[in-house]
Amino acid sequence: MKKWLKPKYLINLVLIISIGTILIPRVLDNFKSEGTKLETGSYRMLSPGQTELEIKFPTPAKKYLTIFWATWCGPCKVEMNRYHSSVESGKFKGEDVIAVNPFEDDSVVMNFLKQHPYPFTFIEGKHLSSLLNIEVTPTTLLIENSTVISRSSGMSVIGIWKAESFLK
């Protein structure tokens, strides 16, 4: 029997093909979103202890880092902690970070925020995530003048430096 036909090699091949068919479309979505012009909309802010506050997003002539995340997503928490550190060290402002959780109820998000008071603007953005075809967390967008300049999915080793440089 040929070496690559052995069961352990076939299992690895099936896994690689399966993972590839899942990840490749997500990566291609990143490139399709770049250059997308977003219309300014009103979004409900999610903030513990606050009543119904709204934000206009995105606004022209402004830069944003927007992260699509979930409370159960470990890589999301790592990325958000990195962004938090950058805000605390003055590399960019918390108001320039918009966090959107498109997959969970607002009550779950609010409970999370009570325990993790990030200095970002959290909005209810199921419509926004649908518009941009967000299916993976974390997904990070850099937005300038209401246009998606960059989109990446998953954790990024260089993402924090890219965000710090972009938001200067």
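All of these numbers come straight from a predicted model, not from anything done at the bench. Computed from heavy atoms alone, side chains included, the values below leave out hydrogens, waters and symmetry copies. If you read the sequence from its start, that first residue is 1, and numbering goes on from there.
Alongside V108, the hydrophobic cluster contains no other residue (criterion: ILVMFWY side chains under 4.5 Å).
Contact annotation: the side chain of T140 never approaches that of T66 to less than 4.5 Å [non-hydrogen atoms, C-beta and beyond]. Side-chain contact between T59 and S146 is absent, with no heavy-atom pair separated by less than 4.5 Å. Considering only heavy atoms from C-beta on, T121 comes within 4.5 Å of I123 through its side chain.
Remark: side-chain polar atoms of N145 are paired, donor with acceptor, to backbone N or O of A61 under 3.5 angstrom. For the pair E88 (side chain) and G90 (backbone), a donor-acceptor distance under 3.5 Å is absent. Side chain of S153 to backbone of V136: no donor-acceptor contact under 3.5 angstrom is found.
Remark: R44 pairs with E52, D106 by the salt bridge (charged side-chain N to carboxylate O under 4.0 Å, His left out) rule, at least two apart or across chains.
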Distance-only donor-acceptor hits, side chain of residues 91-100, under 3.5 Å, sequence neighbours excluded:
{"from": "D96", "atom 1": "OD1", "to": "K62", "atom 2": "NZ", "distance (Å)": "2.6"}

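Partner of W69 under the ring-ring contact (aromatic ring centres under 6.0 Å, His included) criterion, chosen from F103, Y83, F120, F122: F122.
In the hydrophobic cluster analysis, where Ile, Leu, Val, Met, Phe, Trp and Tyr join through side-chain heavy atoms closer than 4.5 angstrom, V157 is grouped together with I160. Cluster annotation: I143 is connected to M45 through the hydrophobic network of ILVMFWY side chains, with a link wherever side-chain heavy atoms come within less than 4.5 Å. Transitive grouping of hydrophobic side chains (ILVMFWY, heavy atoms separated by less than 4.5 Å) keeps L65 and L128 in distinct clusters. In the hydrophobic clustering of this structure, L167 groups with L142; members are Ile, Leu, Val, Met, Phe, Trp, Tyr whose side-chain heavy atoms approach within less than 4.5 Å, directly or through other members. No continuous path of hydrophobic side-chain contacts links L53 to L46 [ILVMFWY only; heavy atoms under 4.5 Å].
Heavy atoms only, all atoms of each residue included: S89 and S86 are closest at OG-O, 3.2 Å.
For residues 69-113, the disulfide bond (SG atoms under 2.5 Å apart) pairs, not counting sequence neighbours, are C73-C76. Here salt bridge (charged side-chain N to carboxylate O under 4.0 Å, His left out) pairs that include residues 65-81, with residues two or more places apart or in two chains, are E79-R82. Every pair passing side chain to side chain donor-acceptor pair (under 3.5 Å) that includes a residue from residues 110-120 is listed here, sequence neighbours excluded: N81-Y118.
Taking CG from N101 and CD1 from I134, the interatomic distance works out to 12.0 Å, rounded to the nearest 0.5 Å. Interatomic distance, S129 OG to K126 NZ, rounded to the nearest 0.5 Å: 7.5 Å. Here the CG atom belonging to D105 is positioned 10.0 Å from the CD atom belonging to E124, to the nearest 0.5 angstrom.
Centroid-to-centroid, the aromatic rings of W161 and F166 stay 6.0 Å apart or farther.
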**Prompt:** Hey, mind stepping through T137 and W72 against side-chain contact (heavy atoms from CB on, under 4.5 Å) and telling me if it holds?
**Reply:** CA-CA 10 Å; T137 59; W72 43 261; 3.9 Å; yes
**Request:** Please step through side-chain contact (heavy atoms from CB on, under 4.5 Å) for the pair L38 and T147, ending with a clear verdict.
**Result:** CA-CA 6 Å; L38 301 173; T147 301; over 6 Å; no
**Asked** Does the side-chain contact (heavy atoms from CB on, under 4.5 Å) test come out yes or no for L141 and S150, once each step is laid out?
**Response** CA-CA 6 Å; L141 296 114; S150 172; over 6 Å; no
**Request:** Just do the side-chain contact (heavy atoms from CB on, under 4.5 Å) check on E34 and I149 with the steps written out, would you?
**Result:** CA-CA 5 Å; E34 292 178 1; I149 302 300; over 6 Å; no
**Request:** Could you go through the ring-ring contact (aromatic ring centres under 6.0 Å, His included) check for Y64 and F57 one step at a time?
**Result:** CA-CA 9 Å; Y64 296 98; F57 172 78; 4.8 Å; yes
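Counting only N and O atoms by type, the side chains of S42 and K56 include a donor and acceptor under 3.5 Å apart.
Under a cut-off of 6.0 angstrom, the local environment of NZ in K63 is crowded, with over 12 non-hydrogen atoms contributed by other residues, nucleotides or ligands.
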